[in-house]
Structures are given as C-alpha cells and as structure tokens.
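Below is one structure; the comments refer to it alone.
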Amino acid sequence: MSDATGSKWWHKWFRTPGELRRMGVVGINMRNGRYLLPNNPRKHYRRVDDKILTKGLAVACKIEVPETYAVVTSPNEVRNIEKLIQGRDSFVMKPARGSGGKGILVIAGREGKKFYKPSGNVVSLGELKHHASNILAGLHSLGGTRDRALIEYKVTPSEVLTNLSFLGAPDVRIVMMHGYPVMAMLRASTKESDGRANLHQGAIGIGVDLATGKTIRAIHHGSPISQHPDLKCDLIGVQVPEWERMLEIAVTCYEMTELGYLGVDVMVDQDKGPMMIEVNARPGLAIQMANGVGLQRRLEPIAKRKKAMATEAPEERIAFSKKNFAYRSAGDSSGS
C-alpha cells in the first residue's frame, strides 16, 4: 500500500493513493521519515515514554496533572495494593510506559473489595492485583519491558464533554509541530469501546477547530457521523471548555519535552479545569480523518518557519495557528 495512506484509509475515504497525496494526507512512513525522526531527538523520548517522569516535568512547568496516589514497583507492593488505595473510591491504574491506551483500568466506584468500572462491570480485588502484576511484567508496555503501575486521580470530566461520551471520560488530543498547534481532536467513548477513548476500540474522533475550540466533524470507524451512536446527541458545533488554556498547556509541553513533533492529551476536570494526561512522541494519524484535512497541509507551513521559531513567544505561535489553521467552511478542506 502507498506510503501516503499508512492504513486502509482509502477504503474509508474512497480515494486513490494519488488523491490522498494531493489532499496532503500523511501516512506512517511519511510521518516517521519527514516529521518524527528528524524533529524528535532520541535522547528526549524518555520524557514522554515514562508517564511518571512526564508528570514530574509537568508539575515543574506548573501544568495541572492528575494527583499520583501510588506507584507500584514490586510484587510485594502488588500484594499490599489494598493499603495503597485505602480510602480511594475512584482511581485510574495504568502502566508507566504504556502505549496506545493499553493497560489503562478506570475504577469509578467501589464497595469494600468490589470495584466498579464506568460501565458498571465489577472488578474484584484479586483481579485488580492481577492487572497490576501484568503491568509490572510489561504486558502493556513499550517493548514488553518490565514496568511500574501508576495509580492516580480519576478525572471527572466537565458536563459539556460528558454529554458527548458514553460512560468514559473524553479527552482532547492536540498535535504539535515545533511548538505550534496544528490539529486537534476530541475522543469520546462508546458502548462498543467500553468507556475507553480509543478510536481503534470503537471510540469516536471529533475534529476541533483550532481557532474557536468548537467541534467541526466526527468519525466512527472511519466513517463520518453527526450524532453519537449510543447517546443520539449532536456532535458538531459543541464548544470545548477552556480552549485557550488547553492550547497553552500543549505549547508548554513542547517547551518541556524539546520534541518537535508530538501529541498532547488533555482532559477538562469539572473542578480542577484542564489537566495534562500524557504526551505522545508518536501521535496517530486518524486525527486527519476527524478533521477532514491532511496533516501535511498544516505541517509544511510550520517547517518553513524555521527562522521565526527561534524568536516567537508561545502566545505568538498560538495566534499563528489560530489564524492559519482555522476551520473555514464545510466545503473547505484545506484548513489554512
């Protein structure tokens, strides 16, 4: 299959590989060879691949992150996990070096030694320990190497975004290039995705206008939709709360990681506001489908601004992106 597609996109878009190239669609090979490898120094990958380290860097940069309740590092700590979560009715357990949303367990409530996922499914204390053991063994981690289990605060998303998501907490992915926001997507869960905001597991991708923070387009399994398949609510024209702060967080993450090409995941807590969830040095490409715009049309203008990058302040980079990458109209797929 052509490098321009990077997946089975042309079956969804009903376009030939040549047409996708003309649309500026970036595939896996182009992403890696043109944008990722030349702009992301290998020595800095640990800053985003280790979620515990990432959170520490974020706190130093005054970025709000979910509170860490515990870090499980050994089988002995797994056996004593009940003490580590004592008094916690809700939390998230995830691998410190996980990827693609693998290994994330969300607990929304508990009754004694019974824990409840957002779907209402019960998780026993034994199953909780088993999940932690699998994380330590590297079952969900990059390269399958041994890992640590991170237990942290469960974000309670703002009502505006909760209304778009089935049980799970929606998040916003902002793709950055040299400190400039280039594209954004809201990821909302469905019944099929079991409360997870993972598009590969059946979640919805909703394109967000960089200039206004309003939703502009939505896809489910690669096909455009306008309503949530389970909730039947409208997905287009919804204002993402505290959009300006989200963009500021994304730009700060560029300064924090020194990675030229990255994705920043943010959630909006109903009490604490926008919180950085994680940073990804290898952001996926479905965001193009959610926005109806090829990433190359956003990335190339940034690549040509090498001289300006050194002197522009964060607020100037945000202003450039909002002006040049604003959503124009339903018939304008350029976004610039």
Side-chain angles (χ1 to χ4, degrees), residues 44 46-71 85 87-98 101 104-108 118 148-165 168-176 179-181 184-189 195-197 208 210 212-213 238-259 262-281 283 313-315 317-318 321-322:
H44 295 328
R46 185 169 174 267
R47 297 179 183 180
V48 297
D49 286 345
D50 185 333
K51 294 178 178 61
I52 298 171
L53 175 59
T54 306
K55 291 179 73 172
L57 293 171
V59 170
C61 291
K62 295 182 170 39
I63 297 174
E64 190 75 32
V65 295
E67 178 187 352
T68 298
Y69 293 153
V71 177
I85 56 174
R88 308 292 184 188
D89 290 333
S90 64
F91 55 87
V92 175
M93 181 187 291
K94 63 173 71 170
R97 291 179 52 81
I104 297 177
L105 176 62
V106 179
I107 298 299
R148 294 168 291 171
L150 175 62
I151 302 175
E152 65 181 19
Y153 169 80
K154 174 189 169 293
V155 174
T156 301
S158 68
E159 186 176 353
V160 172
L161 299 184
T162 303
N163 291 340
L164 302 180
S165 191
D171 68 359
V172 174
R173 161 71 58 85
I174 302 175
V175 173
M176 307 288 296
Y180 294 83
M185 169 178 67
L186 173 68
R187 299 181 294 191
S189 60
R196 296 185 180 90
V208 179
L210 284 176
T212 64
V238 178
Q239 178 66 56
V240 176
E242 302 200 55
W243 181 241
E244 292 296 325
R245 180 56 187 153
M246 284 192 166
L247 292 176
E248 291 170 3
I249 288 173
V251 171
T252 304
C253 285
Y254 159 71
E255 312 282 353
M256 175 183 85
T257 63
E258 296 186 72
L259 293 173
L262 72 159
V264 180
D265 297 341
V266 184
M267 286 184 177
V268 184
D269 187 87
Q270 66 178 14
D271 298 319
K272 303 175 184 293
M275 308 180 81
M276 188 213 76
I277 303 303
E278 64 178 75
V279 182
N280 195 316
E315 58 269 22
R317 294 198 291 269
I318 291 174
S321 295
K322 291 173 74 171

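Quick note: numbers below take in every heavy atom, side chains included, and nothing from hydrogens, waters or symmetry partners.
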Residues at least two apart in sequence or cross-chain that pass side-chain hydrogen bond (donor to acceptor under 3.5 Å, both in side chains) with Glu244, listed by chain then number, are Lys322

Can you name the salt bridge (Lys or Arg N to Asp or Glu O under 4.0 Å) partners of Asp265, sequence neighbours left out?
Arg173, Arg187

When Met176 is tested against each of Pro283, Ser321, Pro181 for side chain to side chain contact (heavy atoms under 4.5 Å, CB included), which residue passes?
Pro181

Checking Ser165 now: which residues fulfil side-chain contact (heavy atoms from CB on, under 4.5 Å) with it, not counting sequence neighbours?
Pro170, Ala188, Ser189

Check: Val160 and Val238 side chains under 4.5 Å, non-hydrogen atoms:
yes

Listed partners of Glu159 passing salt bridge (Lys or Arg N to Asp or Glu O under 4.0 Å), at least two apart:
none

Could you give the distance from CG (Leu186) to CG (Asp171), rounded to the nearest 0.5 Å?
7.5 Å

In chain order, what residues pass the side-chain contact (heavy atoms from CB on, under 4.5 Å) check against Ala184, with sequence neighbours excluded?
Ile174, Val208, Leu210, Trp243

Separation of Met275 CE from Ile249 CD1 (nearest 0.5 Å)
9.0 Å

My understanding is that only residues two or more places apart in sequence, or in another chain, count here; which of them pass side-chain hydrogen bond (donor to acceptor under 3.5 Å, both in side chains) with Glu258?
Arg47

Test item: Val155 and Ile277 side chains (from C-beta on) under 4.5 Å apart, heavy atoms:
yes

Quick check: does any side chain N or O of Lys51 sit under 3.5 Å from a backbone N or O of Glu278, one acting as donor and the other as acceptor?
no

Beyond-backbone contact of Met246 with Val172, side-chain heavy atoms, under 4.5 angstrom:
yes

Give a yes or no on whether a salt bridge exists between Lys94 and Glu152, defined as a side-chain N under 4.0 angstrom from a carboxylate O.
yes

Mind checking what makes side-chain contact (heavy atoms from CB on, under 4.5 Å) contact with Leu53, not counting sequence neighbours?
Arg46, Asp50, Leu57

With sequence neighbours left out, write down each residue that passes salt bridge (Lys or Arg N to Asp or Glu O under 4.0 Å) with Glu248, or none if nothing qualifies.
Arg245

Which donor-acceptor pairs under 3.5 Å do side chains of residues 61-70 form with protein atoms, sequence neighbours excluded?
{"residue": "Thr68", "atom": "OG1", "partner": "Lys55", "partner atom": "NZ", "Å": "2.7"}

Restricting to non-hydrogen atoms, name the atom on Met267 and the atom on Ala169 that form the minimum distance, rounded to 0.1 Å.
CE-O, 3.7 Å

Side chains of Val71 and Ile151: closer than 4.5 Å at any heavy-atom pair?
no

Do Arg88 and Tyr153 have side chains that get closer than 4.5 Å, going by heavy atoms?
no

Could I get the full list of salt bridge (Lys or Arg N to Asp or Glu O under 4.0 Å) partners for Arg97, not counting sequence neighbours?
none

Verdict with reasoning, Met93 to Leu150, per side-chain contact (heavy atoms from CB on, under 4.5 Å):
CA-CA 6 Å; Met93 181 187 291; Leu150 175 62; over 6 Å; no

Checking Asp269 side chain against Thr156 main chain: does a donor-acceptor pair fall under 3.5 Å?
yes

Working note: Thr257 + Leu262, criterion side-chain contact (heavy atoms from CB on, under 4.5 Å); need CA distance, chi angles, decisive distance, verdict.
CA-CA 9 Å; Thr257 63; Leu262 72 159; 3.9 Å; yes

Could you check whether any side-chain heavy atom of Ile107 comes within less than 4.5 Å of a side-chain heavy atom of Val92, counting everything from C-beta outward?
no

Distance-minimising heavy-atom pair for Val106 and Pro118
O-CD, 3.4 Å

Qualifying residues under side-chain contact (heavy atoms from CB on, under 4.5 Å), relative to Ala313, sequence neighbours excluded
Glu315, Glu316

